[in-house]
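This report refers to the structure that appears directly beneath it.
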Amino acid sequence: MSARATRPWTVQLASGVALQLPPSLSSLSTYVALEQERWFEPEITMVRHLMQPGEDALDIGANHGFYALEMARCGPGSHVWAFEPTQAPRTRLMGSVRDNGLAERITVVPAGLAECNCEAEFSVSEHSEFNQRGSGAGAVERVQLFALDGFLERHAPGRRFGLVKLDAEGEEPRVIAGGRRFFVEQQPVVVFELMHGSRVNRDLLQQWRALGYGLFRWSESLAMLLPFDERDGEFAFALNLVAVTPRRQAELAARGLLLTVEAMASQPMPAVGHEALSVWCSTPALAGLGQPDAAAAQANPWLQVVAAVAAAHGQAGLSPAERVALLLHANDTVDPRSATPEEMVLRVHVLNALGRPAAALELGVAVLQQWEQGAAGPGPGLPMVPPERADLRLAPRRAPRDWLRQRLAEFVGRRSAWSSYFQRGSAANWAALIRDPDHSPEIERRYLLAHLVADLNPSLTDLGWLPDAAHTANPVLWSALIAAARAMAKTPAPDETALEAEHAA
């Protein structure tokens, strides 16, 4: 579904930020903002933890401003310089800055960054996320480029920068070369794009190491930076990494936001209190099971495992190394040779939390394929560990075991790609998930979007969350999209049952 009008749509994100975006579902930014109500990269959640009062930030390759606006929202007294060289996304970004009342907090720079001050041609397309230096088959814009060191000397002298987002579509080495003095002297935390298309920019890793930076990846579940190991086979899901100098590593570790290899090597198993388990069991997902008392938790091996996971996420006073040690202990306690599906989902949770999404997805697929009907594994009435901590906000409408299987099926569906935008032809996947009473609001959003962009007739009978304003930040837009779906239903289109049969084949 697309729109011919040039007036942008205003899409609200869950954080409260409003973005002006292209009025078309063919736009990646628009599609993702509606689908997930945030940007799809987990590092976007890192911003609110890392922005410090009085420290400024750079968004290099700002596009529509997901990062720039979040940086300004989360950094009291901070200023953000957002570099966007191409005209269409920059114009919408400037509109978003005004709409959010952030004109005094964000400077939109109509230029890109490179190794020197110069001009260059940029190929531009409808999909501004992929605009890049060089002339391509489509339209071309002539843009201004600056070297970062010289730009900051002239426009931000004496400013102190704590965070940089660097997404320059393969031009990152040139940007670093033009800002070498800045990166060495100020030592900001840098979240940078590792993948250029399907290619891993390994030279960029060496460039950061040569400047004295260590490499980390962000765990959204733990709200923590974890050491990045190039040997673990996770490159396929490592769109971004985070570069951090030893000085900054020490600062972030003291705030509980970073784990070093050295800290983990000497970490003993911490004691687990009952309070975190009590909070875990008070969530909407588990409240119906009742509260285990401390004595029962000590006597039941499964409750001890769940308590370790709960403590890793919520026990006060634990260091990053202690939190990771608890997750590893819980994972090692489950024997995969005899574990039930419910117990294996705990291992999915641990892998995902520890920054290994590819391994978590692979295990999740295997568990779904082997899931057996019958009695619950750990025992009736005992709490479970879903794939993601956020799942605990969803109260079950059926038996806990059915709820957990739906949570795993949705995890596999969502984690198979960063967005359903990249899964054209996936409408049948979401159609199968939406019929389950325990489906989440995001699955409804994915279901509708996948049908609309494929010009398929969605069934609206299973919608339970949309367009209720209590469950979406964009009720008006969703009402319009549902109206469009109803209009489509009056036009002959491929039957959903036939589509699912074709998908299964």
Within-4.5 Å side-chain heavy-atom neighbours: [X] and [Y]:
{"X": "Thr245", "Y": "Phe183", "value": "no"}
{"X": "Arg105", "Y": "Val80", "value": "no"}
{"X": "His349", "Y": "Val309", "value": "yes"}
{"X": "Pro188", "Y": "Leu163", "value": "no"}
{"X": "Asn63", "Y": "Leu93", "value": "no"}
{"X": "Tyr67", "Y": "Glu43", "value": "yes"}
{"X": "Pro336", "Y": "Glu343", "value": "no"}
{"X": "Val143", "Y": "Glu119", "value": "no"}

Worksheet item: Parallel under 30°, tilted from 30 to 60°, perpendicular over 60°: which one fits the rings of Trp208 and Phe192?
Response: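 Because their plane-to-plane angle lies in the 30° to 60° range, the rings of Trp208 and Phe192 count as tilted.
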
Within the distance-only criterion (no hydrogens, no angle test), does the side chain of [X] pair as donor or acceptor with the backbone N or O of [Y] below 3.5 angstrom?
{"X": "Gln144", "Y": "Pro110", "value": "no"}
{"X": "Gln406", "Y": "Trp403", "value": "no"}
{"X": "Ser219", "Y": "Ala353", "value": "yes"}
{"X": "Arg209", "Y": "Gly214", "value": "no"}
{"X": "Asp59", "Y": "Ala68", "value": "yes"}
{"X": "Thr260", "Y": "Ala263", "value": "yes"}
{"X": "Asp56", "Y": "Arg159", "value": "no"}
{"X": "Glu172", "Y": "Gly170", "value": "yes"}
{"X": "Trp302", "Y": "Pro383", "value": "yes"}
{"X": "Gln52", "Y": "Gly75", "value": "no"}

Is there a donor in the side chain of [X] and an acceptor in the side chain of [Y], or the other way round, less than 3.5 Å apart?
{"X": "Arg446", "Y": "Asn429", "result": "no"}
{"X": "Glu41", "Y": "Asn240", "result": "yes"}
{"X": "Gln291", "Y": "Ser278", "result": "yes"}
{"X": "Glu388", "Y": "Ser221", "result": "no"}
{"X": "Thr107", "Y": "His79", "result": "yes"}
{"X": "Ser15", "Y": "Glu70", "result": "yes"}
{"X": "Thr45", "Y": "Trp218", "result": "yes"}

Evaluate whether atom [atom1] of [X] has more than 12 neighbouring non-hydrogen atoms of other residues, nucleotides or ligands under 6.0 angstrom away.
{"X": "Glu362", "atom1": "CD", "answer": "no"}
{"X": "Met94", "atom1": "CE", "answer": "no"}
{"X": "Asp335", "atom1": "CG", "answer": "yes"}

Is [X] salt-bridged to [Y], cutoff N-O under 4.0 Å?
{"X": "Arg445", "Y": "Glu35", "answer": "no"}
{"X": "Arg255", "Y": "Glu251", "answer": "no"}
{"X": "Arg38", "Y": "Glu220", "answer": "yes"}

Minimum heavy-atom distance [X]-[Y], with the two atoms named:
{"X": "Leu13", "Y": "Ala473", "answer": "O-CB, 4.2 Å"}
{"X": "Ala312", "Y": "Leu222", "answer": "O-CD2, 4.2 Å"}
{"X": "Gln423", "Y": "Ser426", "answer": "O-OG, 2.7 Å"}
{"X": "Ala339", "Y": "Val334", "answer": "CB-CG1, 3.6 Å"}

Roughly how far apart are [X] [atom1] and [Y] [atom2], rounded to 0.5 Å?
{"X": "Arg160", "Y": "Glu55", "atom1": "CZ", "atom2": "CD", "value": "4.5 Å"}
{"X": "Glu141", "Y": "Thr86", "atom1": "CD", "atom2": "OG1", "value": "5.5 Å"}
{"X": "Trp81", "Y": "Ile106", "atom1": "CH2", "atom2": "CD1", "value": "11.5 Å"}
{"X": "Leu363", "Y": "Asn352", "atom1": "CG", "atom2": "CG", "value": "11.0 Å"}
{"X": "Leu113", "Y": "Arg174", "atom1": "CG", "atom2": "CZ", "value": "13.0 Å"}

Any chance the rings of [X] and [Y] have centres within less than 6.0 Å?
{"X": "Phe146", "Y": "Phe83", "value": "no"}
{"X": "Phe216", "Y": "Phe228", "value": "no"}
{"X": "Phe182", "Y": "Phe161", "value": "yes"}

Show, in sequence, the C-alpha distance, side-chain angles and deciding distance for Met71 and Ser78, and conclude whether the side-chain contact (heavy atoms from CB on, under 4.5 Å) test is met.
CA-CA 8 Å; Met71 288 169 166; Ser78 301; over 6 Å; no

*When Val385 is tested against each of Val350, Leu346, Asp391 for side-chain contact (heavy atoms from CB on, under 4.5 Å), which residue passes?*
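Of the listed residues Val350, Leu346, Asp391, the side-chain contact (heavy atoms from CB on, under 4.5 Å) partner of Val385 is Leu346.
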
Given Arg92, which partner from the list Glu84, Gln20, His64 fulfils the side chain to side chain donor-acceptor pair (under 3.5 Å) test?
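One option only clears the test, and that one is His64.
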
Take Leu69 and Asn100 through the test side-chain contact (heavy atoms from CB on, under 4.5 Å) and record every step on the way to the result.
CA-CA 8 Å; Leu69 293 162; Asn100 288 276; 4.1 Å; yes

